[in-house]
Amino acid sequence: LVSLTSLVLSQDNSIDTGDYLIRNIELEKLLGLINGGVALILFAIIFLAYKRDRRKRLLYVALAFLVFSIKGFLLAAQNIVDIDWIDPSLVIFESLALLLFFFGVLKKEW
């Protein structure tokens, strides 16, 4: 048992996880930051269109892009801070964005 434990402890623990780094930032998190920025720009454009037309559909789509941008920024923030609640919240934000897109597509204009 002791020799098995020493054998396991002597093994190289540098397993390649497939994370690509760009300036010590994981590529996945960098792309999440870029996606968050693009989603924020799309939110601003669609929200301005909503302010002009006052169609509820545009409001739902704008809010979906806002939620999607928050998700992207949280994904990027994961590289800076290590908070346990970020991973579950990413799934919640993604589900919320999908629901808002769904309501934006199916909302009838009155």
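Just so you know, these numbers use all the heavy atoms, side chains as well, and skip hydrogens, waters and symmetry mates.
From S89, atom OG reaches atom CG of D84 across 11.0 Å, with rounding to the nearest 0.5 Å. Interatomic distance, CG of L66 versus CG of L96, reported as 9.5 Å (0.5 Å rounding). Atom CD1 of I92 and atom CG of D87 lie 11.0 Å apart (nearest 0.5 Å). Note that the OH atom of Y50 and the CZ atom of F43 stand 11.0 Å from one another [nearest 0.5 Å]. Atoms CG and CH2, on L90 and W85 in that order, are 9.0 Å from each other to the nearest 0.5 Å. Between the CG atom of L30 and the CG atom of L75 there is a distance of 10.0 Å, given to the nearest 0.5 Å.
Between F65 and F101, the ring centre distance stays below 6.0 Å.
Using a 4.5 Å cut-off between side-chain heavy atoms of Ile, Leu, Val, Met, Phe, Trp and Tyr, with links allowed through other members, V38 and I70 fall into the same hydrophobic cluster. Using a 4.5 Å cut-off between side-chain heavy atoms of Ile, Leu, Val, Met, Phe, Trp and Tyr, with links allowed through other members, I41 and F73 fall into different hydrophobic clusters. Residues F93 and F102 are members of one and the same hydrophobic cluster, defined by side-chain heavy-atom contacts under 4.5 angstrom among Ile, Leu, Val, Met, Phe, Trp and Tyr. L63 and L106 fall within the same hydrophobic cluster, defined by Ile, Leu, Val, Met, Phe, Trp and Tyr side-chain heavy atoms under 4.5 Å apart, directly or through other members.
Formation of a donor-acceptor pair under 3.5 Å by the R57 side chain with backbone atoms of V105 is found in this model.
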For L100 and V67: C-alpha separation, side-chain torsions, deciding distance, then whether side chain to side chain contact (heavy atoms under 4.5 Å, CB included) applies. CA-CA 9 Å; L100 286 167; V67 170; 4.0 Å; yes
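Across all non-hydrogen atoms, the minimal contact from S69 to G36 is CB-O, 3.2 Å.
For the side chain to side chain contact (heavy atoms under 4.5 Å, CB included) with F47, the lone residue among L58, L59, L42 that qualifies is L59.
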